[in-house]
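What follows is a short report on a single structure.
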Amino acid sequence: MGSDITRTDVRKMRNIGISAHIDSGKTTLSERILFYSNKIHAIHEVRGKDGVGATMDHMELERERGITIQSAATQVEWKDYTVNLIDTPGHVDFTIEVERSLRVLDGAILVLCAVGGVQSQSITVDRQLKRYHVPRIAFVNKCDRTGANPFKVKNQLREKLALNAVLIQIPIGLEDKLEGIVDLISMKAVYFDGDQGTELRYAEIPVHLKEDAEKYREELIDEVSLFSDELAEKYLAGETVSEELVHQAIRRGTLAEQFVPVMVGSAYKNKGIQPLLDAVNNYLPNPTEVKNYALDLDKNEEKRELLADEKGPTVALGFKLEDGQYGQLTYVRIYQGCLKKGDELLNTRARKRFKVGRLVRMHSDNMEDINEGTPGDIVALFGIDCASGDTFCGGGVNYAMSSMFIPEPVISLAITPRDKKSADQMAKALNRFTKEDPTFQTFVDPESNQTIIKGMGELHLEVYIERMRREYKCEVDTGMPQVAYREAITRRSEFNYTHKKQTGGSGQYGRVAGYMEPFDGDYEFVDNIKGGAIPTEYVPSCDKGFREAVKKGSLIGFPIVNIRCVINDGQSHPVDSSDIAFQMAAIGAFREAYAKAKPCILEPVMKVSVEGPTEFQGNIFASVNQRRGIISSSTEDGVFSRIEAEVPLSEMFGYSTVLRSLTQGKAEFTMEFERYGKVPVSISEALIKEYDEKRKKEQK
């Protein structure tokens with residue numbers, strides 16, 4: 001069905017995400033939002049038989065990501081505004097996913113538990129929102145639970161996250177006595193009547209709360225007067241301040257990221273959700289109020305601001321792939337221009353042109369075919385061959401929405417399918433995952449013939465193995481995790497090598513002389529040949545030979561980096577010299593000099609950040625030191641402390657389990673690749689011995 005729906009006014013559009021610490025009620029809240037906006041017609045309880053994400057136990061739950069509702073971006077209508085709700089993963093191992101999801105968001109709802117308050121992952125999520133300048137509303141959920149204290153949570157937002165958090169509502173009753181909320185802007189009590197809180201009843205503020213309400217309203221007006229001169233004047237003159245003025249001031253402060261409105265409620269008890277949706281419309285930005293940039297690939301990745309304007313050349317980002325029953329579905333956020341059926345677009349990463357065939361908008365359980373998408377909109381394309389994070393451009397521009405830099409994977413695992421059926425499914429799964437996530441790579445090891453997967457961390461690979469099991473019913477056995485070591489030389493060393501081979505007919509002859517030395521990049525080849533000692537047509541053959549030799553070092557069989565090979569002399573034979581002869585000469589020369597250049601082993605060193613309660617700081621310090629870690633800084637933030645350290649990746653296996661038991665499960669860590677560093681002698685010797693034994697076994 002073609003779409004005849006009226007086009008969404010870009011100013012009445014919101015692209016928002018819900019971010020939270022595990023188990024703060026993200027899924028329950030999403031379920032309620034869908035229900036109140038008439039997207040679903042019955043509420044399903046998360047813990048019930050038909051529960052989606054949270055029926056899993058804790059470890060499984062951590063692997064479930066974000067909103068577990070049929071699709072990655074679901075669209076709801078609320079009071080003639082269009083709200084796109086976007087799934088956001090919260091884990092650093094999925095760096096690339098997090099970046100893309102946050103880029104597509106214009107605003108966010110930060111959900112906090114009224115009992116747990118600001119937890120470690122709330123801190124991580126907040127850091128990401130700040131890094132990408134995403135304005136947010138805070139929603140203190142679970143006010144019906146024993147021990148709930150939204151006032152404490154508001155103070156934690158100010159202390160731990162340094163946010164200018166101000167209550168714009170207070171609860172009527174708490175714990176099992178939660179009845180409704182007081183709206184401090186309209187100074188009315190709001191009750192949520194009916195079976196599922198669908199009927200809003202406005203009433204006078206209960207007498208016992210009058211004083212509190214006055215006090216918190218005073219605080220609110222005082223804070224927002226900074227964002228509106230008109231409001232400040234009226235307030236100082238003692239005149240009544242209109243609700244509209246307060247809304248405008250809150251919006252201004254929120255968009256400038258200098259104010260965070262705090263709302264309260266309980267998603268489970270159906271209290272406080274409709275006002276939260278109103279706040280999304282009132283305070284979060286529309287696509288024209290957010291600055292988005294693309295990098296111009298024709299002009300050395302120069303920054304270009306994109307305008308949410310229909311007339312500009314089309315620029316859109318494919319931020320999520322999903323394998324649907326009808327084939328690959330690509331979710332696309334349009335940043336500039338329109339996306340029409342039949343348009344020809346360029347995928348700027350793959351340098352491929354394609355025609356927009358089927359264009360759909362996700363509507364609750366079904367898809368609706370549409371003819372065009374407007375700027376700021378989130379739509380889905382069918383059946384186009386692309387990877388997650390690709391940019392699609394029209395109108396002759398060549399932009400990329402995210403830089404082409406993709407971090408190198410630092411950890412690998414060998415996986416073997418358990419049976420024939422799993423083997424077929426494994427190939428399908430790996431093909432899809434590598435498209436979805438460029439930091440996840442796979443290859444077959446030519447020596448052991450095993451399939452190897454590589455990624456950004458233990459959790460990263462665990463999640464993909466888990467997904468193979470669930471989504472593809474594919475059971476695999478995994479080998480020991482393998483660190484991506486490198487070899488390098490530590491001093492200059494000369495070579496002068498002659499390759500001679502005489503068989504029947506013409507032989508092979510080539511002599512290569514020069515030196516190798518440590519160098520700051522991966523590999524460099526320098527040609528210093530004078531007077532044609534090696535004919536120019538054979539110089540590239542020497543480079544080819546050296547390139548072949550650096551693929552595998554002789555210490556532990558890993559690639560060699562930080563090396564410069566210089567040739568300055570040599571000799572050829574009029575008949576017996578050939579391309580292959582000089583390649584072999586270069587390989588021989590390399591091996592001869594490499595042994596004399598004092599080679600060493602390098603290992604990936606990770607930047608590790610551990611966050612946990614200060615009482616466990618000593619245990620955390622000890623656990624990092626035991627792992628050859630070097631602590632670079634530690635900061636105490638009230639009851640929480642954060643420790644930054646550099647630790648070799650090989651020592652970090654299984655750290656999450658150790659950390660959990662040391663800190664009663666209260667600390668968590670994130671790590672990302674920092675640099676390659678030299679391996680200590682004792683470990684280096686053990687690695688070389690292990691490699692020699694492995695080679696001897698293979699030769700037998």
Side-chain angles (χ1 to χ4, degrees), residues 3-18 33 36-39 73-86 102-109 129 132-137 168 185 224 227-228 230-231 242-261 263 274-294 304-317 319 331-340 359 361-363 368 370-379 401:
S3 151
D4 303 315
I5 52 170
T6 48
R7 297 173 67 175
T8 316
D9 172 0
V10 71
R11 285 187 298 280
K12 291 204 161 179
M13 190 185 284
R14 301 285 180 268
N15 292 321
I16 63 156
I18 296 180
I33 288 177
Y36 291 124
S37 54
N38 296 325
K39 283 300 287 270
T74 180
Q75 192 181 63
V76 302
E77 303 287 326
W78 181 254
K79 299 191 177 170
D80 79 3
Y81 278 73
T82 302
V83 180
N84 289 313
L85 208 58
I86 299 151
L102 286 172
R103 152 157 262 158
V104 182
L105 297 182
D106 295 334
I109 300 174
L129 293 176
Y132 293 99
H133 299 293
V134 181
R136 83 237 29 201
I137 295 171
I168 61 169
I185 299 170
V224 295
F227 305 105
S228 160
E230 192 184 341
L231 188 148
S242 72
E243 287 178 39
E244 190 44 42
L245 261 183
V246 181
H247 286 312
Q248 283 170 5
I250 293 179
R251 180 179 182 84
R252 219 169 282 148
T254 307
L255 295 191
E257 290 178 85
Q258 290 169 4
F259 185 86
V260 176
M263 310 185 69
Q274 297 94 324
L276 178 64
L277 283 165
D278 290 340
V280 166
N281 293 352
N282 288 336
Y283 310 137
L284 289 180
N286 68 50
T288 61
E289 293 169 307
V290 178
K291 278 192 169 21
N292 280 301
Y293 295 97
R304 294 266 180 275
E305 190 176 340
L306 299 176
L307 304 168
D309 172 18
E310 296 184 15
K311 295 182 184 61
T314 307
V315 180
L317 174 76
F319 65 96
Y331 286 92
V332 174
R333 155 91 196 246
I334 306 167
Y335 283 92
Q336 179 175 291
C338 285
L339 198 56
K340 292 190 181 70
L359 194 60
R361 177 172 281 132
M362 301 312 272
H363 262 295
E368 174 183 16
I370 54 173
N371 293 322
E372 69 166 348
T374 50
D377 215 343
I378 288 180
V379 294
M401 285 296 298

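Considering every non-hydrogen atom in both Cys338 and Thr374, the closest pair reads SG-CA, 4.4 Å. When all heavy atoms are compared, the tightest approach of Asn282 to Arg251 is O-NH1, 2.9 Å. Considering all non-hydrogen atoms of both residues, Trp78 and Asn281 come closest at O-ND2, 3.1 Å. Closest approach of Ile334 to Ala316, counting heavy atoms only: CA-CB, 4.1 Å. Across all their heavy atoms, Val83 and Ile16 have their closest contact at CG1-CG1, 3.8 Å. Nearest heavy atoms, Val260 versus Arg136: CG1-O, 3.9 Å.
Using modelled atom types, one side-chain atom of Asn15 and one backbone atom of Gly376 make a donor-acceptor pair closer than 3.5 Å. For Gln336 (side chain) and Pro313 (main-chain N/O), a donor-acceptor pair under 3.5 Å exists by modelled atom type. The closest donor-acceptor contact from the side chain of Ser37 to the backbone of Glu77 lies at 3.5 Å or more, if one exists at all. A side-chain donor-acceptor contact under 3.5 Å links Arg14 to the backbone of Val280.
How far CG of Leu277 is from CD1 of Ile33: 5.0 Å, rounded to the nearest 0.5 Å. Rounding to the nearest 0.5 angstrom, the gap separating the OG1 atom in Thr82 from the CZ atom in Arg361 is 7.5 Å. Expressed to the nearest 0.5 Å, how far CD of Glu230 lies from OG of Ser228 amounts to 6.0 Å. In this structure, Phe227 CZ and Gln248 CD are separated by 14.0 Å, a value rounded to the nearest 0.5 Å. The structure places CG of Leu306 at 11.0 Å from OG1 of Thr314, a figure rounded to the nearest 0.5 Å. Taking CZ of Arg11 as the start and CD of Glu289 as the end, the distance is 9.5 Å to the nearest 0.5 Å.
Cation-pi check for Arg333 over Tyr331 is not met; the charged atom does not lie both under 6.0 angstrom from the ring centroid and within 45 degrees of its normal.
Partner of Met263 under the side chain to side chain contact (heavy atoms under 4.5 Å, CB included) criterion, out of Leu276, Ile109, Asp278: Leu276 alone.
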TODO: Report the C-alpha distance between Gln75 and Asp377 in whole Å, list the side-chain angles of each, state the deciding distance to 0.1 Å, and finish with yes or no for side-chain contact (heavy atoms from CB on, under 4.5 Å).
DONE: CA-CA 10 Å; Gln75 192 181 63; Asp377 215 343; 3.9 Å; yes
Open item on the list: Between Ile86 and Phe319, does the side-chain contact (heavy atoms from CB on, under 4.5 Å) criterion hold? Intermediate values first, please.
Closed with: CA-CA 11 Å; Ile86 299 151; Phe319 65 96; 4.1 Å; yes
- [ ] Using the side-chain contact (heavy atoms from CB on, under 4.5 Å) rule, take Tyr81 and Val76 through it: C-alpha gap first, then chi angles, then the decisive distance, then the call.
- [x] CA-CA 8 Å; Tyr81 278 73; Val76 302; over 6 Å; no
Open item on the list: Applying side-chain contact (heavy atoms from CB on, under 4.5 Å) to Asp106 and Leu284, what does each step give before you reach the verdict?
Closed with: CA-CA 8 Å; Asp106 295 334; Leu284 289 180; over 6 Å; no
